[in-house]
Colleague: 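Just passing along the structure, written as structure tokens.
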There are 2 protein chains.
Amino acid sequence: MSPSHERRPPVMADVATKAGVSHQTVSRVLNDHPNVRAETRARVLAAIHELGYRRNMVARALVTRHTRTLGVVSFDTTLYGPASTVYGIEQAARSAGYFVSMVSLKTIDTAGVRDALGYLAEQGVDGIVVVAPQRSAAPALADVPTDIPVVAVEGGHSGDVSVVSVDQVHGARLATRHLLDLGHETVWHIGGPPDWLEVEGRIEGWRDVLVAAGRPIPEPLPGDWSPRSGYQAGLRLAAVPGVTAVFVANDQMALGALRAFAERGVRVPEQISIVGFDDIPESEFFTPPLTTVRQDFGAVGRWSIELLLRQMEAGAEWSHERHVVPPRFVARASTAPVHP
Amino acid sequence: MSPSHERRPPVMADVATKAGVSHQTVSRVLNDHPNVRAETRARVLAAIHELGYRRNMVARALVTRHTRTLGVVSFDTTLYGPASTVYGIEQAARSAGYFVSMVSLKTIDTAGVRDALGYLAEQGVDGIVVVAPQRSAAPALADVPTDIPVVAVEGGHSGDVSVVSVDQVHGARLATRHLLDLGHETVWHIGGPPDWLEVEGRIEGWRDVLVAAGRPIPEPLPGDWSPRSGYQAGLRLAAVPGVTAVFVANDQMALGALRAFAERGVRVPEQISIVGFDDIPESEFFTPPLTTVRQDFGAVGRWSIELLLRQMEAGAEWSHERHVVPPRFVARASTAPVHP
DNA sequence: GCACAGACTGTGAGCGCTAACAACACCTCG
DNA sequence: CGAGGTGTTGTTAGCGCTCACAGTCTGTGC
């Protein structure tokens, strides 16, 4: 009831009074303005400490017109890839002095992305990173509020935004070529969910190599990134005679396939060679340790912030940039020369 | 140069002018105030649409004194547990109409947590969830700014904050008892990093059951959650004669141990039984599929928001609450009766 | 001794919004 | 028919901060 009871946190004016200066001088101390006498600064600092004063960034943002907050829109941050990317983004943002406001979408559709961007814009974020690897996210990026910089991660080539991505095609080529080099006649493929751009890139690279080598191109098996879908595809593959090499679109599905083969008594790599994609921390300890293609998600996160900050500095006269992070082939024990 | 060139986004006053009303009426429309004539509302809405107006939430927050943003402090969101928890938090927060501002710490020390809390407080978040499973995080929670509600996930009993956690002790008991029930003389343990509260809980539960059954208590082997550390511990265990059952503090280390045993020619579960903890999506497809204890991270996330919101509503006269999420034992193929 | 630069500090306005109150129209009812 | 609601709108005053500008107080050079 009594207003004295619910005492409000101290504001700049309180500090000023206590230190015997004007609120403006307090502001100068807080913003490291050069023209403040050392003795005055000390007095202000003491008052701040004594009162437990904390600057109200909301009021500051209202006048400076920037919040030092970046928005991140992502999809299922439970998956290792997005989680690592977002982690990289967050670290890079914070070391550049920015906060991160997260929106994780349950499903990626144009409306969802559009809404998320709208919310973030209302919040006044200074820039946005969209980790939206699905094709259907692209249209939403097209009509983003023009006054706020956006970087897409693994996004489409939707003209108007900067993009950071891993060279999926190249990664798939490395995997496929490795298998052909081991003497396999052809390579089967377990793919990811259809709408994903990465999935298309991996199929493209895989197909390229087979075509160039004049090998038969088996129909890719469908998957959804989950170990279970890899397991089911593996079961089907185990029943197909003559399969000796499989390129799987991610490590988790590769794990499922490994399990399926183990159950069917198909020995890896003696009878079938498997290559995954991602190089999750577990892959090295699969049975057998998985040969795979590493994506440097941390680098993707860092680069997305790098491009975003550049774009924020440049302002309007900014030409959109594209950065490609190279994948790296990691040979382990799940592949072997074809046994005659 | 010309100020007309860089046109500012429209503000409430622009909408008001266009609709021929006062800015206050626009505000009323935006806030769903009942007392606005339908015809007026329509005119305002039209003006908003036409101008592409978006409310400035920063200005709004300055006067309402809340931002509709929740802060989340977490540790290494690359790990499955924290990632899933944070995901659950984010979803629950958003469906309650809140944004989430993330801070992921690289290392958890008191200073780091304190800083993170300070930053978030400056940002004006309405509440904070701290996913800080280490003992060293507790002191920082003690001196959190008193005016802002905080919920700790897997945190210590640091008196002053609400806590959501999984019953680690119970989970460990389930795992250990299962192994004893299968006829194993005793159960070895590969533990997590020392500072973690969960680690202590799991050791406690494991030891309890062994003590109650009057079994010998082997020295726990150290680990750091990584598959590699599990692998190394597994290698050491494979060299110890008479080991028939191991309870591993998480699934990733269990994977490493599985790998170590495979390399040493120790068959699982025929010669050694293994139980993990967490039930990550991969566990079901390990070789062999891992018997483990499931933690419902999604529920943890949802509950933490639930408690936080309650606390925010209650305000000062709030007594701190504790919610415990039960773990669930999941039997699979990595355990078997001891072979005589 | 006075003009003048330079260092330091204070004053006023305003960012875009909401809350509180005032004002007005229109109705109802004794 | 005037007192008193009730619905609808406008006016004013901040929220806590920074920016632009105006002082004040030195010290320096001629």
Side-chain angles (χ1 to χ4, degrees), chain A residues 3 6-45 47-48 51-69 121-126 145 147, chain B residues 3 6-45 47-48 51-69 121-126 145 147:
Chain A
E6 38 166 323
R7 74 168 181 293
R8 285 254 248 275
V11 298
M12 206 173 255
D14 300 329
V15 175
T17 307
K18 177 141 214 138
V21 297
S22 76
H23 63 130
Q24 176 60 353
T25 298
V26 177
S27 170
R28 276 193 269 259
V29 169
L30 250 22
N31 294 322
D32 283 323
H33 238 73
N35 293 346
V36 178
R37 202 144 44 95
E39 194 267 339
T40 310
R41 179 186 308 274
R43 225 166 55 234
V44 170
L45 254 20
I48 287 176
L51 257 36
Y53 168 73
R54 236 188 250 292
R55 167 157 56 173
N56 182 333
M57 294 307 247
V58 171
R60 180 173 216 262
L62 181 58
V63 34
T64 61
R65 319 184 74 79
H66 36 261
T67 51
R68 296 209 71 82
T69 297
E122 269 189 354
Q123 282 279 313
V125 296
D126 298 340
D147 48 336
Chain B
E6 38 165 323
R7 71 169 185 294
R8 287 254 249 270
V11 298
M12 207 171 253
D14 300 329
V15 176
T17 307
K18 176 141 215 138
V21 297
S22 75
H23 63 131
Q24 175 62 340
T25 298
V26 178
S27 169
R28 277 193 268 258
V29 170
L30 252 21
N31 293 324
D32 283 321
H33 238 75
N35 294 347
V36 178
R37 202 147 43 96
E39 194 267 338
T40 309
R41 180 186 306 276
R43 226 167 53 236
V44 169
L45 253 20
I48 287 175
L51 259 36
Y53 168 74
R54 234 188 251 292
R55 168 157 55 173
N56 182 333
M57 295 305 247
V58 171
R60 178 173 216 261
L62 180 59
V63 37
T64 61
R65 319 184 76 78
H66 38 260
T67 52
R68 296 209 71 82
T69 298
E122 269 189 354
Q123 282 279 313
V125 296
D126 298 339
D147 49 337

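In what follows, every chain begins at residue 1, and chains take the letters A, B, ... in the order their sequences are listed. Everything numeric in this text was worked out from a predicted model, so none of it was measured.
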Colleague: Taking all atoms of both residues into account, what is the closest heavy-atom pair of Ala19(A) and Ala47(A), and its distance?
Modeller: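 Nearest pair, atom of Ala19(A) first, then Ala47(A): CB-CB, 3.9 Å.
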
Colleague: For Val15(A) and Val44(A), work out which heavy atoms get closest and say how close.
Modeller: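 Taking every non-hydrogen atom into account, CG1-O, 4.1 Å.
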
Colleague: So, is Tyr53(B) close to the dC17(C) phosphate, meaning a side-chain N or O under 4.0 Å from OP1 or OP2?
Modeller: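 Indeed, a polar side-chain atom of Tyr53(B) lies that close.
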
Colleague: So which of residues 56-66 of chain B are in contact with DNA chain D, with a heavy-atom cut-off of under 4.0 Å?
Modeller: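 Hits under 4.0 Å, by residue number: Leu62(B), Val63(B), Arg65(B).
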
Colleague: If you round to the nearest 0.5 Å, how far is NE2 of His23(A) from CZ of Arg28(A)?
Modeller: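 One finds 9.0 Å between CZ of Arg28(A) and NE2 of His23(A).
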
Colleague: Return the CD to CZ distance between Gln123(A) and Arg54(B), rounded to the nearest 0.5 Å.
Modeller: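 Reported value, rounded in 0.5 Å steps: 12.0 Å.
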
Colleague: Angle between the end axes of the helix from dG1(C)-dC30(D) to dG30(C)-dC1(D), five pairs per end, to the nearest 10 degrees?
Modeller: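 Roughly 50° between the end axes, to the nearest 10°.
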
Colleague: Calculate the interatomic distance between Arg68(B) atom CZ and dT18(C) atom P; express it in whole Å.
Modeller: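 So the CZ-P distance, Arg68(B) to dT18(C), works out to 13 Å.
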
Colleague: Between Val11(A) and Asn56(A), is there a side-chain heavy-atom distance shorter than 4.5 Å?
Modeller: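 The answer is no, as the side chains (C-beta and beyond) never meet within the 4.5 Å cut-off.
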
Colleague: Do you know the tightest heavy-atom contact between Thr40(A) and Val21(A)?
Modeller: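 Result for this residue pair: CG2-CG1, 3.9 Å.
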
Colleague: What pair of heavy atoms forms the shortest contact from Leu62(B) to Val58(A), and how long is it?
Modeller: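 Taking every non-hydrogen atom into account, N-CG1, 3.6 Å.
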
Colleague: Taking the side chain as every heavy atom from C-beta outward, state whether Leu30(B) and Ile48(B) have any pair of such atoms under 4.5 Å apart.
Modeller: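 Counting from C-beta outward, Leu30(B) and Ile48(B) do come under 4.5 Å.
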
Colleague: Taking only residues at least two apart or on different chains, which pairs with a member in residues 12-22 of chain A satisfy salt bridge (charged side-chain N to carboxylate O under 4.0 Å, His left out)?
Modeller: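 Of all non-adjacent pairs touching residues 12-22 of chain A, those that pass salt bridge (charged side-chain N to carboxylate O under 4.0 Å, His left out) are Lys18(A)-Glu50(A).
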
Colleague: Atom CZ of Arg8(B) to atom P of dC17(C): distance rounded to whole Å?
Modeller: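 It works out to 12 Å between those atoms.
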
Colleague: Counting only heavy atoms and a strict 4.0 angstrom limit, can you tell me which residues of residues 17-36 of chain B come near DNA chain C?
Modeller: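 DNA chain C contact set from residues 17-36 of chain B: His23(B), Gln24(B), Ser27(B), Asn31(B).
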
Colleague: Which distance, rounded to the nearest 0.5 Å, do you find between the CG of Asp147(B) and the CZ of Arg8(A)?
Modeller: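 The CZ atom of Arg8(A) is 11.5 Å from CG of Asp147(B), to the nearest 0.5 Å.
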
Colleague: Measuring from Met12(B):CE to Arg60(B):CZ, what's the distance to the nearest 0.5 Å?
Modeller: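 Between Met12(B) CE and Arg60(B) CZ, I get 8.5 Å after rounding to 0.5 Å.
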
Colleague: Considering only heavy atoms from C-beta outward, does the side chain of Arg55(A) approach that of Asn31(A) to under 4.5 Å?
Modeller: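 Sidechains of Asn31(A) and Arg55(A): in contact.
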
Colleague: Taking for each residue the nucleotide of DNA chain D with the nearest heavy atom, is it Pro10(A) or Thr40(B) whose nucleotide lies nearer the 5' end?
Modeller: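 Of the two residues, Thr40(B) wins.
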
Colleague: On DNA chain D, reading 5' to 3', which nucleotide is the first and which the last to sit with an atom under 4.0 Å from a heavy atom of chain A, could you check?
Modeller: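 Span of nucleotides near chain A: dG16(D) to dA20(D).
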
Colleague: Name all residues meeting the side chain to side chain donor-acceptor pair (under 3.5 Å) criterion together with Arg41(A); count only those two or more places apart in sequence or in a different chain, and write none if there are none.
Modeller: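 Result, side chain to side chain donor-acceptor pair (under 3.5 Å) vs Arg41(A): none returned.
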
